[in-house]
Student: 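Next up is a structure, given as structure tokens.
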Amino acid sequence: MDQSKRKRGRKPKKTVAETMDFQMAASGVPSPSALDEPQETPESASPKARGRGRPKKVTRRQNLTAVENGAVSPLRRSSQVVSINGENGESGLAVVSLDPSPRWDQVVRVVPSMDAVVKVFCVHTEPNFSLPWQRKRQYSSSSSGFIIEGRRVLTNAHSVEHFTQVKLKKRGSDTKYVATVLAIGTECDIAMLTVENDEFWDGVSPLQFGSLPALQDAVTVVGYPIGGDTISVTSGVVSRMEILSYVHGSTELLGFQIDAAINSGNSGGPAFNDKGKCVGIAFQSLKHEDVENIGYVIPTPVIMHFINDYEKSGEYTGFPMLGIEWQKMENPDLRKAMGMAADQKGVRIRRIEPTSPDFQFLKPSDVILSFDGVDIANDGTVPFRHGERIAFSYLVSQKYTEEKALIKVLRNSKVHEFEIKLASQKRFIPSHIKGKPPSYYIIAGFVFSAISVPYLRSEYGKDYEYDAPVKLLDKLLHTMAESPDEQLVVISQVLVADINIGYEDIVNTQVLAFNGNPVKNLKTLANMVESCKEQFLKFDLEYQQIVVLETKNAKAATPDILTTHCIPSAMSVDLAS
């Protein structure tokens, strides 16, 4: 509405920007501006109840008489506030209490399942990729979690990532209990905790899981988001069900969208259906100027996969992937060229990961017709529920690593069936280092490191996909690992010394070979340099750049450089073993 035409009376509401569901340091909570706005009661907003000018005076005697005669509503008898205004500007308040305050044991108890929701306090100590021999300054965060059967607690993986200490606090309690992290699922963004203290489990019933909700089903998200210290409840409906991009896991799994507010601190909190059963875990939200109240929830199939995986193997093994890149077959000429019949549908294989078990069975230009007996459409979808379809990767994610699947393909107009053992995908540039410290090797001031997504994010910020060098981004998006232990090794920086004069500007440049031998990974490079008996150390870098050092002088100068920069060792622990 145009400002000039706005009616007199209630002030327009202020808009509040949404935030992504990432944990914030527990160093202070901003005060919501909405709390500072004057609030109008229904009486004051009504034209009949509101007159122009000074409100009518009400004397104490008139008010007491009204109470005695029952004119005042019984709901308001317990505490009557009487305004006493004097002619000379003197004013005061007289409080008339008619009924005693209710006792706490008489207050109706809320949903019992909320007692299983806990607040998670974590102290994080992230690795320092610029100086990989040390860690960053520790910081604290808070999030949510909930108790399940087996004396276990579920929360988000990003809530306890790079944890130093994790504590849990129950609803209504003033005690924080030290927790033990049992498993962290990076792909599905779920972590499992436990507490050894028996007192923590007293009087709490674990949550029960419900079935996958349907569209428009009501959901209630419970947790401890920013804005206060007590439990918070927001409600909404399921608005979408599909394969989602998991921000923390850098993968795609089943998830559903809700219109309930999910803010920082809601991470790890349960989403309940109308029967009080848990149907998911709140884990991320969409932050954009054109959208509002779009949150995402990890559904029960993904949660149960994580729990069953842990119970089967005693650790988290991950979600299997086919390890292929595929193309839609919606174009009729393309289907005809691939020898497909009119009743055949599927997707064409573009490339196959050399490290994947599929590599020995499948070939490029094979058309995948079905997976475990479920036919795949030309757009890569399969039937999901009544009136719904979903990407066929959902079928793959329902399996466990080391399990087998039957894949039917069309090759040269002939149908073939293969039984393939599924495994987790090995990326050339890994998405996570899974809590391990970064690897490094130093010789003559040259710091060699292995590239990972956390490394790129540390070096180039959260917009690394735009700011990182094109060569690195091309390898991140398109290069496939030839072996499970292959790494992208770079010279991350050069610690300036007399021996490396002229090489100071080399930063994040890939090392291709050492003395003519290809560099497969960081450990191979360290072993080759340490055992080198030749006169020179020659490193072949990308863009035809080379670094040459005399072997004897390089090894002799390394200890002094380490001492100058307070570096405890020339290589990380994993390379020394």
Side-chain angles (χ1 to χ4, degrees), residues 23-27 29 102-125 138-185 190-210 220-233 264-272 276-278 280-283 303-304 306-308 310-311 314-316 435:
Q23 302 309 309
M24 298 176 60
S27 58
V29 178
R103 295 171 54 188
W104 286 111
D105 55 3
Q106 295 176 345
V107 177
V108 179
R109 190 179 180 187
V110 296
V111 181
S113 56
M114 291 188 184
D115 290 341
V117 182
V118 300
K119 191 169 186 178
V120 181
F121 300 87
C122 184
V123 177
H124 310 259
T125 310
Q138 69 180 22
Y139 67 94
S140 301
S141 71
S142 65
S143 55
S144 308
F146 58 95
I147 298 173
I148 63 172
E149 293 182 351
R151 294 165 62 101
R152 296 172 296 186
V153 174
L154 292 184
T155 186
N156 280 145
H158 72 259
S159 298
V160 295
E161 186 180 30
H162 303 301
F163 68 93
T164 301
Q165 185 185 68
V166 181
K167 292 183 179 180
L168 305 179
K169 187 172 74 170
K170 295 191 297 182
R171 177 170 177 260
S173 174
D174 60 350
T175 305
K176 296 178 182 178
Y177 299 86
V178 177
T180 302
V181 179
L182 298 177
I184 296 180
I190 304 176
M192 182 184 294
L193 318 174
T194 189
V195 176
E196 296 182 0
N197 194 329
D198 295 335
E199 181 182 332
F200 176 82
W201 309 101
D202 291 342
V204 180
S205 300
L207 294 186
Q208 301 297 321
F209 290 103
T220 302
V221 178
V222 182
Y224 294 87
I226 186 174
D229 296 327
T230 57
I231 201 166
S232 172
V233 180
S264 296
N266 268 125
S267 294
F272 295 103
K277 292 189 176 182
C278 177
I281 303 175
F283 75 118
I303 300 172
M304 297 310 300
F306 170 81
I307 296 175
N308 294 335
Y310 175 78
E311 292 177 349
E315 61 180 359
Y316 173 75

Student: Test your reading of the model: is there a side-chain donor-acceptor pair from Asn197 to the backbone of Glu199, 3.5 Å cut-off?
Tutor: yes
Student: When you measure from the side chain of Lys170 to the backbone of Asp115, do you find a donor-acceptor pair of N or O atoms at a distance under 3.5 Å?
Tutor: no
Student: If every non-hydrogen atom of Ile184 is compared with every non-hydrogen atom of Phe306, which pair is closest and at what distance?
Tutor: C-CE1, 4.4 Å
Student: Will you find, in the side chains of Ser267 and Ser159, an N or O donor that is under 3.5 Å from an N or O acceptor?
Tutor: no
Student: For Pro225 and Ser232, work out which heavy atoms get closest and say how close.
Tutor: CD-CB, 3.4 Å
Student: Return the CZ to CD distance between Arg152 and Glu311, rounded to the nearest 0.5 Å.
Tutor: 4.5 Å
Student: Is there a donor-acceptor pair closer than 3.5 Å between any side-chain N or O of Thr155 and the backbone N or O of Ala191?
Tutor: no
Student: Determine, stepwise, if the pair Tyr310 / Ile190 fulfils side-chain contact (heavy atoms from CB on, under 4.5 Å).
Tutor: CA-CA 12 Å; Tyr310 175 78; Ile190 304 176; over 6 Å; no
Student: Keeping the roles fixed (side chain from Thr125, backbone from His162), state whether a donor-acceptor pair exists under 3.5 Å.
Tutor: no
Student: Looking only at heavy atoms, which two atoms of Phe146 and Gly268 are closest? And how far apart?
Tutor: CD2-O, 3.5 Å
Student: Quick one, Thr194 with Trp201, criterion side-chain contact (heavy atoms from CB on, under 4.5 Å). Give me CA distance, side-chain angles, the key distance, then yes/no.
Tutor: CA-CA 10 Å; Thr194 189; Trp201 309 101; 3.9 Å; yes
Student: For Val117 versus Pro270, what's the shortest heavy-atom pair and its separation?
Tutor: CG2-CG, 3.7 Å
Student: Using side-chain heavy atoms (C-beta onward) and a distance below 4.5 Å, is Leu154 in contact with Met192?
Tutor: yes
Student: About how many Å separate CE of Met114 and CD1 of Ile231, when rounded to the nearest 0.5 Å?
Tutor: 6.0 Å
Student: What heavy-atom pair brings Ala116 and Ser205 nearest, and what distance separates the two atoms?
Tutor: CB-O, 3.5 Å
Student: Quick check: do Lys119 and Asp229 have side-chain heavy atoms less than 4.5 Å from each other?
Tutor: yes
Student: Hey, what do you get for CG (Leu182) to OH (Tyr316), rounding to the nearest 0.5 Å?
Tutor: 15.0 Å
Student: Report the C-alpha distance between Ile307 and Phe209 in whole Å, list the side-chain angles of each, state the deciding distance to 0.1 Å, and finish with yes or no for side-chain contact (heavy atoms from CB on, under 4.5 Å).
Tutor: CA-CA 12 Å; Ile307 296 175; Phe209 290 103; 4.1 Å; yes
Student: Is there a side-chain contact between Tyr224 and Ser142 (heavy atoms, below 4.5 Å)?
Tutor: no
Student: Heavy atoms, side chains only, cut-off 4.5 Å: are Val120 and Leu168 in contact?
Tutor: yes
Student: If you count the non-hydrogen atoms of other residues, nucleotides and ligands that lie under 6.0 Å from CD in Glu149, is the total more than 12?
Tutor: no
Student: Can you see which heavy atom on His158 is nearest to which on His124, and at what distance?
Tutor: O-CE1, 4.3 Å
Student: Got a second to check how far Ile303's CD1 is from Asn308's CG, nearest 0.5 Å?
Tutor: 11.5 Å
Student: Say you draw a straight line from CZ of Arg171 to OG1 of Thr230; how long is it, rounded to the nearest 0.5 Å?
Tutor: 9.0 Å
Student: Just wondering, do Leu207 and Phe272 contact through their side chains at under 4.5 Å, heavy atoms?
Tutor: yes
